[in-house]
Amino acid sequence: MTDIRIPVDLLPADGRFGSGPSRIREAQLDELVARGRDVLGTSHRQAPVKQLVASVRAQLAELYALPDGYEVVLGNGGSTAFWDAAAFGLIETRAQVASFGEFGGKFAKAAAAPWLQAPDVRQAPGGEVALLEAAEGIDLYATPHNETSTGAMVTPKRVDVAGALTMVDATSSAGGTEATPSEWDVYYFAPQKNFGSDGGLWFALLSPAALERIERVAASGRYIPESLSLTQAVANSRKEQTLNTPAVATLSLLDSQLRWMLELGGLPAVSARTKASSDYLYAWAGERDWVTPFVQQPEYRSQVVATLDLVPEVDSAQLRTILRENGVVDIDPYRKLGRNQLRVGTFASVPTSDVERLAAAIDYVAERL
Ligand SMILES: *Cc1c(COP(=O)(O)O)cnc(C)c1O
């Protein structure tokens with residue numbers, strides 16, 4: 001323990017600023033306890049759990065104002081499992097993949113499956129972005145919306161090529177930024193970031209073209225394991241089910257968060273919240289000579305994950321240790337980036353008032369290092 005004690009009036013009301021898993025609001029936990037008896041430890045093939053799945057699916061469709069024909073599909077295994085499901089069930093021959101950090105890079109690996117042609121990987125170094133671009137022979141274009149490892153964010157845009165799909169990894173952006181369904185065919189995420197839930201499930205908002213592609217690839221005779229089969233996921237989701245047992249607590253936390261988001265005013269409201277918080281941090285950094293936003297171009301700075309580089313005299317690890325001793329946790333940079341950096345999740349559940357106090361707490365510690 002160091003002896004730096006941050007004054008209570010500078011400490012956030014809740015010290016969790018992780019970029020995933022992230023802060024879960026008290027009300028979500030209360031609701032989980034209250035309805036736990038009806039849904040936890042009961043059959044997921046019976047009405048109570050099916051109603052919970054139905055409620056999550058309906059609220060997601062409402063949050064994104066999904067056009068007719070779009071469907072909300074879910075399955076087990078989080079976004080990582082969805083990458084493999086997409087390699088088996090969505091890419092026909094060859095994908096183009098934007099890779100500008102850890103998560104885009106991981107999908108590029110999944111898209112290099114032996115039954116496909118090697119993906120066309122559009123790469124950019126950490127802190128920058130790579131953009132998708134129409135190219136010959138590509139049937140699926142994939143990009144992260146927000147690259148959680150670096151704090152770089154793009155605006156998802158459809159690559160307008162007849163017959164090709166546009167797919168967006170929205171794991172850390174969904175529920176915290178606006179997104180227009182007409183700009184994508186597949187918008188997928190896991191709920192442990194803005195949705196303040198737990199891990200283990202994936203959700204995909206699918207356009208009619210994506211649903212058609214899933215049918216066609218499955219009918220081609222390609223070997224697809226059952227647990228990664230998107231036709232299974234679509235068929236089960238239509239019955240408010242999953243192929244195998246889902247994480248019901250994760251569904252409950254997500255359901256509560258969706259209701260809260262819709263009551264706040266939906267995507268425009270949550271987006272305004274995350275933007276106010278991250279704008280505050282970028283402006284705060286701009287006023288100090290020892291901290292600078294890692295992403296150079298302001299238009300690509302994430303509104304949900306703010307990455308801030310520190311000068312060598314302010315040691316991130318030491319700063320974070322002291323903050324942790326004072327109850328402020330998880331502002332670590334992505335380990336493989338290896339930078340003297342802070343990374344702050346400014347997700348929907350984090351009020352801007354807590355971000356202001358976080359900045360004040362960092363000032364307090366930095367002045368004393
Ligand atoms: C967190 C994250 C993932 C990984 O999600 P899992 O559910 O742990 O597989 C994938 N992509 C992005 C952009 C993420 O932020």
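Numbering of ligands and ligand atoms starts at 1, following listing order. Positions are given from 1, in the same order as the sequence printed here. Quick note: numbers below take in every heavy atom, side chains included, and nothing from hydrogens, waters or symmetry partners.
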- Message: I'd like the residue list for ligand 1, meaning every protein residue with a non-hydrogen atom under 4.0 Å from the ligand.
- Response: G78, S79, T80, W83, F103, N146, T148, D169, T171, S172, A190, Q192, K193
Name the atoms and distances for all side-chain donor-acceptor pairs under 3.5 Å in residues 45-53, with sequence neighbours left out.
{"unit_1": "R45", "atom_1": "NH1", "unit_2": "Q241", "atom_2": "OE1", "d": "2.9"}
{"unit_1": "R45", "atom_1": "NH1", "unit_2": "T242", "atom_2": "O", "d": "2.9"}
{"unit_1": "R45", "atom_1": "NH2", "unit_2": "L243", "atom_2": "O", "d": "3.0"}

- Same cluster (ILVMFWY, side-chain, under 4.5 Å), I91 and M167: yes
- Query: Does T274 reach the main-chain N or O of G176 with its side chain, forming a donor-acceptor pair under 3.5 Å?
  - Reply: yes
- Evaluate whether atom CD of E299 has more than 12 neighbouring non-hydrogen atoms of other residues, nucleotides or ligands under 6.0 angstrom away. yes
What side-chain donor-acceptor pairs closer than 3.5 Å can you find for residues 187-196, not counting sequence neighbours?
{"unit_1": "Y187", "atom_1": "OH", "unit_2": "H145", "atom_2": "ND1", "d": "3.0"}
{"unit_1": "Y188", "atom_1": "OH", "unit_2": "W83", "atom_2": "NE1", "d": "2.8"}
{"unit_1": "N194", "atom_1": "OD1", "unit_2": "A348", "atom_2": "N", "d": "2.9"}
{"unit_1": "N194", "atom_1": "ND2", "unit_2": "S172", "atom_2": "O", "d": "2.8"}
{"unit_1": "N194", "atom_1": "ND2", "unit_2": "A174", "atom_2": "O", "d": "3.3"}

Name every donor-acceptor pair, under 3.5 Å, that has one atom in a side chain of residues 100-115 and the other anywhere in the protein, sequence neighbours excluded.
{"unit_1": "E102", "atom_1": "OE2", "unit_2": "K336", "atom_2": "NZ", "d": "2.8"}
{"unit_1": "W115", "atom_1": "NE1", "unit_2": "A87", "atom_2": "O", "d": "3.0"}

